[in-house]
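The structure under discussion appears below in the form of C-alpha cells.
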Amino acid sequence: MTLVRFIDLVFTLIYLVILGRIILSFVIPLMQGRVHPVVVNIYDVLTQMTEPILAPIRRVLPTFGMLDFSPLVAIILLQIIKAVLVW
C-alpha cells in the first residue's frame, strides 16, 4: 500500500506542475506586462520542470495554430501509466 501511495503522490505532483504551467501560460499574457517578477520566475521553473515531459509529445503532435495540446496528452498518458503501475 505504501508504494501505491508514493506512485499516487508523484503523479499528483506532476499533474499539479503541468496544471500550474497551463494556468500561468494563460494568465501572464492577459496581464499585459503587469506581471510580478515572482510569477514569471515561478512560470520559468514550472516550464523547466515540465519541458522534459512535454517536448517529446510536441515533436510528435501536430500543431493546431496557437493551441498547445501537449499538456492534455501528457496528462492522459500519465493517467494511463499510473493505472498500469498501480495495477
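Please read all numbers here as calculations on a predicted model, not as lab measurements.
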Discussion item. Test of understanding: with salt bridge (charged side-chain N to carboxylate O under 4.0 Å, His left out), list the residues that count as partners of Asp44, not counting sequence neighbours.
Written reply: none

How far does [atom1] of [X] sit from [atom2] of [Y], to the nearest 0.5 angstrom?
X     : Y     : atom1 : atom2 : answer
His36 : Met31 : NE2   : CE    : 10.0 Å
Ile28 : Ile23 : CD1   : CD1   : 11.5 Å
Gln79 : Phe11 : CD    : CZ    : 9.0 Å
Leu85 : Asp8  : CG    : CG    : 11.5 Å
Ile7  : Ile81 : CD1   : CD1   : 11.5 Å
Lys82 : Ile80 : NZ    : CD1   : 13.0 Å

Please tell me whether [X] and [Y] are part of a single hydrophobic cluster in this structure, the criterion being side-chain heavy atoms less than 4.5 Å apart.
X     : Y     : answer
Ile53 : Val17 : no
Val27 : Leu30 : no
Leu67 : Leu72 : yes
Ile22 : Ile57 : no
Leu16 : Ile14 : no

Worksheet item: Taking everything shown except Phe64 itself, do over 12 heavy atoms lie less than 6.0 Å from its CZ?
Response: yes

Response to the item:
Nearest heavy-atom contact between Ala74 and Ile18 is CB-CD1, 4.2 Å

Practice prompt. Identify the two heavy atoms, one from Ser70 and one from Arg58, that lie closest to each other, and give their separation to 0.1 Å.
Written response: OG-NE, 3.5 Å

Item to complete: Show the numbers, then the answer: is there a side chain to side chain contact (heavy atoms under 4.5 Å, CB included) between Val60 and Val73?
Response: CA-CA 11 Å; Val60 176; Val73 172; over 6 Å; no

Practice prompt. Measure the shortest side-chain to side-chain distance between Val45 and Met49 over non-hydrogen atoms and say whether it is less than 4.5 angstrom.
Written response: yes

